[in-house]
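Report on one structure; see the data block that follows.
Predicted model only: the values in this text are computed from it and were never measured.
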Amino acid sequence: RTRHVCGAQYCWSRMSKRKQSPPHGGVSGRIRADAEKVCSRFPSVQNLCIDEEIVTFQVGGEEFTVALPEVYGSSCNVYGPDEFDLSCQGPLVDIIAAVLQELEDGAGDDGCLSGGDCPSPPMLLRDCSDETDAPLGSDGGELAAESPEVFAQSFPTLQQEMLELDAMNISCTVDGVLGDAALLTLGLPLPEDISRSTAEAWGFARDKPLKLSFPFSETHYTRTATHRLDVNFWQDKSTAGFTPLDAGVQLGNIAKSFWRHMCGTADTVSADGLEAGPALLVAKRASLFEDVVAHPGVLVPFARYLRHRLPCLHEYCVICDEPLVFPPLLRPTVCTRTLCCYSARTFGAAVTGEFSSQNASLEVWDLLVAMAICAGRMDNNRMEILFGGQSFPQLFMPGSTQPAIKASGDGFKRLRELLQQLATYRTSQAGRNGINWLNTAFSERSGIATIDELLPQLLSWVWDSNRSYILALEEDDRISELNTPFQYLLLSAPPEQEAAFQRLKDTYGSIFCFHGSTSANWHCILRQGLKNASGTKLMSSGQAHGPGIYMARDSITSANYSTACFGGLHAGARPGARAGANAEANLQSDAILDASTRSASLKNGTGLRLHNPESLMMLAVCEVAKLPSLKSSSSIVVCPEEAAVVTRFLLVYNDKAIPNVNLQSDKQLHSELSALTGRWTQP
């Protein structure tokens, strides 16, 4: 039998007139499925053709041949130009990934085989093993798809949707043919509601459109669950394939939820005894579904739905896509429903995406651990406040889907023990491994699981539960007058609060102030936001100047509220004092980093430095709208409106003298803070 290979790079079959293929196109179901994954995952692969045990494809115009083994997945060889010969094994996806990696290693720094710009030519998947008739075009020959409209002529509904998308400033291109389905790519500009700071926190490039690539056929217009909508979300790609997005898994879950509602098969997610979520968020999403389901077509409703959902990723669970049962902050997170918590603790990045601890900044993660350790050393009453309710970690023993500890007396005692074990392990490993103690913690032989099976989950939870965006500033961005190398961008306001603040700022202007609190309290603030705690159980320092968020113009006033905190008591601070100088002398020495370790930690580059829980002092630099209700004395500033206060930076002092700085009188410092803030918060 003569094998038919479509050699033209821009060659397509008219799907409505093409002979219907067998369920898997004449090749085994697994190979066929893997071939479709190749086409959707690797945009540089073109003209993929399957002929029984021989697979051919092109990369950069060069053809490669795979001789599949008798036992699919075992060792085989790939042959290509210039004596290219690569031995590999695994399914077709792994084989082609290995080829692309080999080519990438030999390419230029820009990742293109030619050393120039990487074009994105259409892909063509053609199963040639059972082809009996040639593709039909308008003249009975091949159809050149120079534009999406030409190809879409076979589908009037698709063609109409493409025109509507174009009117919405959303691109739609046909990138290939997969059996009887087209591989489509939509280009959706990020909504204006997503500011630069939000895009940074969510891992988006603000100046690039969000791309959606997925197989699509005429049968999708029947809106039946038998036809899946499997979408790859991306913004950048190279010869190795799409670069994963931080929010990629969450966006995929949003697409699945959309399709279930379009098909009328959406189920109500059990809230496991918890409230279903704020009524406003429940109604908001229900209204969106009602709107898109009523709109004809598939692509336009999908694009409309995404436009509204993208700015509110932080309001819905990364896994189940149900409204969060606690007030949202900036960083997307997992809800506290038991099934989602179990999935996050058990499967990690596979169900949470790049927001998982498996992709964490080690230095920031270590800082979060230090805060949690301090929170675990508070007296019983304060610890129950900081870890109570939705803030209590759900941890699971292997093989069990029910939480091993609960927010009760015994549960808090067990949590305190776990945090102390974590502190001891951290100290023992940090002296030898520095910041890499976090990597060592998950090793099978010497990891924290050998101490307690719940410790790895607790360590992951410390990162995953943080809902504020923290980014270590590079040396060139740090302000020397603040006298610490540990300077961080700290953004916690969700997009709607940031937008409201900007409106207040435009009307009333703004000032910068310090806010000081203990490291234990910061564990709570990063997860619940900076609140007006006056008169509530969260209040720890009184309200002499009335209710509101308390701040100060000078650093020393705030430092008095920021010292190391143990047993629920503040240790106090003096102007120019070293952080933690008055900390209680009877602290357990196993949690104190020795001087050589502290010195070595500062020699590491940004993102790889250690923190010392025993001397940890933290000040936030907040931006405050100058509302008429703002109260001010010689040093204290009290803002009764939470919406008028947003965090901008976090300053951490590890055995460093806290400088005496006044943000009102130091105009140069105020100017530097304004410029640095503007880089992240301006559209």
Could you tell me if the side chain of Tyr508 sits less than 4.5 Å from the side chain of Pro628, heavy atoms only? yes
Check the angle between the aromatic planes of Phe486 and Tyr488 and answer parallel, tilted or perpendicular using the 30° and 60° thresholds. parallel
Quiz question: by atom type and distance under 3.5 Å, do the side chains of Thr333 and Arg467 form a donor-acceptor pair? no
So, Ser632 and Arg553: side-chain donor and acceptor under 3.5 Å apart, yes or no? yes
Is the shortest heavy-atom distance from the side chain of Val334 to the side chain of Asp464 under 4.5 Å? no
Using the six-membered ring wherever Trp is involved, compare the ring planes of Phe387 and Trp461 and label them parallel, tilted or perpendicular (cut-offs 30° and 60°). tilted
Answer yes if the side chains of Gln421 and Glu417 hold a donor-acceptor pair under 3.5 Å, and no otherwise. no
Between Gly376 and Leu419 the two heavy atoms that sit nearest each other are CA-CD1, 3.5 Å
Please work out which of the three classes, parallel, tilted or perpendicular, describes the rings of Trp522 and His515, given edges at 30° and 60°. perpendicular
Salt bridge (charged side-chain N to carboxylate O under 4.0 Å, His left out) between Arg331 and Asp246, worked out: CA-CA 11 Å; Arg331 190 169 175 267; Asp246 288 358; over 6 Å; no
Beyond-backbone contact of Phe649 with Leu673, side-chain heavy atoms, under 4.5 angstrom: yes
Any Leu458 side-chain heavy atom under 4.5 Å of Ile448 side chain: no
Tyr316 and Ile254: CA distance, side-chain angles, deciding distance, side chain to side chain contact (heavy atoms under 4.5 Å, CB included) verdict: CA-CA 10 Å; Tyr316 297 85; Ile254 289 174; over 6 Å; no
Determine whether the side chains of Glu498 and Ser195 contain a donor N or O and an acceptor N or O closer than 3.5 Å. no
Starting at CZ of Arg432, measure out to OG1 of Thr440 and round the result to the nearest 0.5 Å. 8.5 Å
Taking all non-hydrogen atoms of both residues, which atom of Leu190 and which atom of Ala205 are closest, and how far apart? CD1-O, 3.7 Å
State, without any angle test, whether His611 and Asp366 hold a side-chain donor-acceptor pair at a distance under 3.5 Å. no
Return the set of residues passing salt bridge (charged side-chain N to carboxylate O under 4.0 Å, His left out) with Asp477 (not counting sequence neighbours), or none when no residue passes. Arg679
Per the salt bridge (charged side-chain N to carboxylate O under 4.0 Å, His left out) rule, what does the pair list look like for residues 620-630, sequence neighbours excluded? Lys505-Glu623, Glu623-Arg648
Which class fits the ring pair Phe412 and Phe392: parallel under 30°, tilted 30 to 60°, perpendicular over 60°? perpendicular
For Trp202 and Cys312, work out which heavy atoms get closest and say how close. CH2-N, 4.3 Å
Tell me, do Cys374 and Thr518 make a side-chain contact under 4.5 Å, heavy atoms counted? no
